[in-house]
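A, B, ... follow the sequence lines: proteins, then strands. Residue 1 opens every chain. Owing to the predicted nature of the structure, the values given are computational and were not obtained by experimental measurement.
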There are 2 protein chains.
Amino acid sequence: MPQPYDPAAFPSVAVTVDLVVLTVRAGRLAVLLVERGEAPHRGRLALPGGFLRPDEDLPAAAARELAEETGLPHDCVHLEQLATYGTPGRDPRMRVVTICYLALAPDLPSPVAGTDAASASFVPVDDALAAALAFDHDRLLRDGLERARAKLEYTPLAAAFCPEEFTVAELRRVYEAVWGTPLDPRNFHRKVTGADGFLEPTGHSTTRDGGRPAQLYRRGPARTLHPSMPRSTGDPHPG
Amino acid sequence: MPQPYDPAAFPSVAVTVDLVVLTVRAGRLAVLLVERGEAPHRGRLALPGGFLRPDEDLPAAAARELAEETGLPHDCVHLEQLATYGTPGRDPRMRVVTICYLALAPDLPSPVAGTDAASASFVPVDDALAAALAFDHDRLLRDGLERARAKLEYTPLAAAFCPEEFTVAELRRVYEAVWGTPLDPRNFHRKVTGADGFLEPTGHSTTRDGGRPAQLYRRGPARTLHPSMPRSTGDPHPG
DNA sequence: GTAATAGTGTCTCTCAGACATTATGAG
DNA sequence: CTCATAATGTCTGAGAGACACTATTAC
């Protein structure tokens, strides 16, 4: 800011915080959407979001919106800033700058009534992309998907889609849903159980997947994966 | 945005665009800083930046600030959005939301006088971090460094620090400066020349590094690196 | 028993890391 | 010649992908 400035001399900009909330439901990646009740884009599907409050920090605003829309306990949801969108005209009413957050949540057993969640619902991402969303939310969603897909490669964040205790197969289905590719169960098992700090055994087991009982794990302390989860490039053995 | 809203009912927020401009100079990673001429933080070093203009897109604002501060032709500078910062109180005068951009530039032969560049200068990042910057710009800088270090791993962006034509050794020195670790010149050479779309031979060569003449390359069309540039983990052969 | 899934072992190819060796300039 | 750097080759070990094989449940 080299030159002196007068804040009042600059026109005001509305600042909103929107959310791309992803979960895996019935083996498919899904995103939380609301139906718009008023113009513009009345009746269209949109990402949840709202205005930044005067004395509210950005992550706090995102967490508040998330709680309003899902009622989820926010200690089990991963929340990170995605990107900021401010192209003039993206909202026809006024200049709006939107800070978009990405949330990864386990599949909620009950959508928690009595909140704004009534109007919000999870939609498979393929359907969401096929039906054009309001504003530039298609782009926000695509950017969120790209981020989520990338993060699954080099972080243990896939576990954020799973309940407190989960099996290796459940974790594998998360990867398959997010990446849209089948993974070899045996190589996957060897990989994740060998990765340091990814999974912590609970000692329990379950047969909820059928077949031989599977060990239950919870999230380990690792924040990154070394080496990363290999995302099948479709070109496994070039040459 | 579930409930109807009146934009005027929400207090205005000032929106600025700041820049983390990195370059490699004399083998050291350096960041562009300006000295603040007025309060608050008068006399302290800060990242360059300024207000978002009424009808200006975010990348356009970042490019404008970059041109004002460096005079660089913006077709040779990589520019990407880094993150957005909006904690209440980060600017004592008013509520400011700052969208920070990261720029990677080659070392400019002449700092181009006659612009705001007069007040801006490149400072080695170690020095910049040692001398506390104005506002929360230390955090912006650290986030920018982290992004740059990560991007060098899985993209060919290191070439953005190099002039139009460059040698493999010059590219290696970029990695060494950004990561702060020495790399084996022979393995590095084999790696980058073997990576598809990273480098395009120009047919020219130079002896500006001394010793045997080195081939000159320009940036190739690749946007990502598969497999990524291995950043020495300091724990090369665990076990 | 069969069916289904969990989990282990084995082989091959690629690639990272270490380092020898040769090539080509300047002085 | 020496010195410096470029460029290539060779060996070893880690890990990915493919897939055989064994283990433990439900029926």
Please determine whether the number of non-hydrogen atoms from other residues, nucleotides or ligands lying under 6.0 Å from atom CD of A:E164 exceeds 12.
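No, the 6.0 Å shell around CD holds no more than 12 heavy atoms from other groups.
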Please say whether more than 12 non-hydrogen atoms of neighbouring residues, nucleotides or ligands are located less than 6.0 Å from CG in B:D196.
no
Could you tell me whether [X] and [Y] have a side-chain N and a carboxylate O separated by less than 4.0 Å?
X	Y	value
B:D143	B:R147	no
A:R64	A:E68	yes
A:R172	A:D209	no

For B:H137 and B:F135, take the angle between the two ring planes, folded into 0 to 90°, and tell me which bin it lands in: parallel under 30, tilted 30 to 60, perpendicular over 60.
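B:H137 vs B:F135 ring planes: tilted.
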Which residues within residues 150-170 of chain B lie with some heavy atom under 4.0 Å of an atom in DNA chain C?
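Residues of residues 150-170 of chain B that come under 4.0 Å of DNA chain C do not exist, since none gets that close.
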Close approaches to DNA chain C from residues 176-200 of chain B, in residue order (heavy atom, under 4.0 Å):
B:D184, B:R186, B:N187, B:R190, B:K191
For [X] and [N], what is the distance between atoms [atom1] and [atom2] respectively, to the nearest whole Å?
X	N	atom1	atom2	result
B:Q215	C:dA23	CD	C1'	12 Å
A:H226	D:dA16	NE2	P	13 Å
B:R231	C:dG17	CZ	C1'	17 Å

Would you please name every residue forming a side chain to side chain donor-acceptor pair (under 3.5 Å) with B:T84, sequence neighbours left out?
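With neighbours one apart ignored, the set is A:T84.
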Taking side chain to side chain donor-acceptor pair (under 3.5 Å) as the definition, give me every residue that meets it alongside A:R190, ordered by chain and number, with sequence neighbours left out.
A:N187
Mapping A:Y217 and B:M229 to their closest nucleotides on DNA chain C, which lands nearer the 5' end?
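Between the two, 5'-proximity favours A:Y217.
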Under 3.5 Å between N/O atoms: give me all the protein pairs with nucleotides 24-27 of chain C, atom names plus distance.
none

Under 4.0 angstrom, heavy atoms only, what part of the nucleic acid is B:S228 near: base, sugar-phosphate, or nothing?
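Result for B:S228 = sugar-phosphate.
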Can A:D18 and A:Y85 be counted as having a side-chain donor-acceptor contact under 3.5 angstrom?
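On atom types as modelled, these side chains do not qualify, holding no pair under 3.5 Å.
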Check whether the side chains of B:D136 and B:T87 place a donor and an acceptor atom closer than 3.5 Å, and report yes or no.
no
Extract all donor-acceptor atom pairs below 3.5 Å that involve side chains of residues 153-163 of chain A and protein atoms in other chains or at least two apart in sequence.
unit_1	atom_1	unit_2	atom_2	d
A:E153	OE2	A:R231	NH1	3.2
A:T155	OG1	A:K151	O	2.6
A:T155	OG1	A:L157	N	3.3

